[in-house]
Amino acid sequence: MDAIQRFTQAAEQSGFSVVAEQFPEGTRTAKDAAAAVGCELAQIVKSLVFVHKENPYLVLASGKNRVDESLVAKVMGIESLSIATPEQVRKATGFAIGGTPPFGHPTPIPTTLDKDLLEYETVWAAAGTPDTCFPISPQNLEKITSAVVADVAAA
Ligand code: 5CA
């Protein structure tokens, strides 16, 4: 089974039907994804994994923002966070960097959702590979991930 199918099936188990679109030009970065989809950079969901004491934390950030991990640590009630290594991302999510989806992981990850994503009706996230994205409302994203909504952007 390829990574898109793997994500799509995992999402179905959360009760969400993914309609993934494949973009041959690639969607590895938020900038690439916005260009491929034809949407604003701010509408792209970056699914970023951070760690604290080997435990993963997920931040769903607007493509326009650089995440201030100290803000996220405060929201999650821990002292500090650092960005995960590619190996830690794969272990926590089951997917590689560049295609990491926002949910459908082997074990749910405590999640913070960037409040700036709530300004849009539809946002676009990775569907398991660096050339796929799928549309979702930020409200569904919040519900499925049981996220805490917060300001996560670095000044
Ligand atoms: N498909 C796109 C848009 S949905 C995507 O997945 N974007 S992303 O922002 O969620 O994933 C790329 C992110 O992975 C980068 O912003 C960066 O934080 C992280 N990243 C890239 N390379 C590394 C690396 N070597 N080690 C740790 N993190 C990395």
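Order of listing sets the numbers, starting from 1, for every ligand and every atom in it.
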Interatomic spacing from [atom1] in [X] to [atom2] in [Y] - rounded to 0.5 Å:
X      : Y      : atom1 : atom2 : answer
Thr29  : Leu41  : OG1   : CG    : 8.5 Å
Thr8   : Gln13  : OG1   : CD    : 11.5 Å
Asn65  : Asp116 : CG    : CG    : 5.0 Å
Leu141 : Thr122 : CG    : OG1   : 11.5 Å
Leu118 : Ser62  : CG    : OG    : 10.5 Å

Nearest neighbour of atom 15 (C) of ligand 1 from the list Val123, Leu48, Thr27, on a heavy-atom basis: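 That would be Leu48.
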
If you measure from atom 20 (N) of ligand 1 to every heavy atom of Ile97, Thr129, Thr100, which option wins on shortest distance?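 Comparing heavy atoms across Ile97, Thr129, Thr100, the nearest one to atom 20 (N) of ligand 1 lies in Ile97.
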
Return a yes/no value for [X]: is any of its N or O atoms, backbone included, closer than 3.5 angstrom to an N or O of ligand 1?
X     : value
Pro86 : no
Thr29 : no
Lys46 : no

Can you tell me which residue and heavy atom of the protein come closest to [atom], and the distance to 0.1 Å?
atom                    : value
atom 5 (C) of ligand 1  : Arg28 O, 3.3 Å
atom 11 (O) of ligand 1 : Gly98 N, 4.2 Å
atom 10 (O) of ligand 1 : Ser47 N, 3.1 Å
atom 27 (C) of ligand 1 : Ala84 O, 3.2 Å

Mark yes or no: Arg6 above the aromatic ring of Phe95, with NZ or CZ under 6.0 Å from the six-membered ring centre and no more than 45 degrees from the axis.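 Yes, cation above the ring, under 6.0 Å and within 45°.
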
If you count the non-hydrogen atoms of other residues, nucleotides and ligands that lie under 6.0 Å from CD in Glu54, is the total more than 12?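 Atom CD in Glu54 is not crowded, with 12 or fewer foreign heavy atoms closer than 6.0 Å.
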
Is it true that, when you exclude Glu25 itself, more than 12 heavy atoms of the residues, nucleotides or ligands shown sit nearer than 6.0 Å to its CD?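 Enclosed.
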
One residue to check: [X]. Relative to ligand 1, which of side chain, backbone, both or neither has a non-hydrogen atom less than 4.0 Å away?
X      : answer
Val45  : backbone
Ala61  : neither
Thr85  : neither
Ala126 : both

Indicate the ring-plane relationship of Phe7 and Phe134, choosing parallel, tilted or perpendicular according to the 30° and 60° boundaries.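 Plane angle between 30° and 60°, so tilted.
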
Ligand-side contact atoms (ligand 1) for residue partner Ile44, heavy atom cut-off under 4.0 Å: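 Once the distances to Ile44 are compared, the set is 3 (C), 4 (S).
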
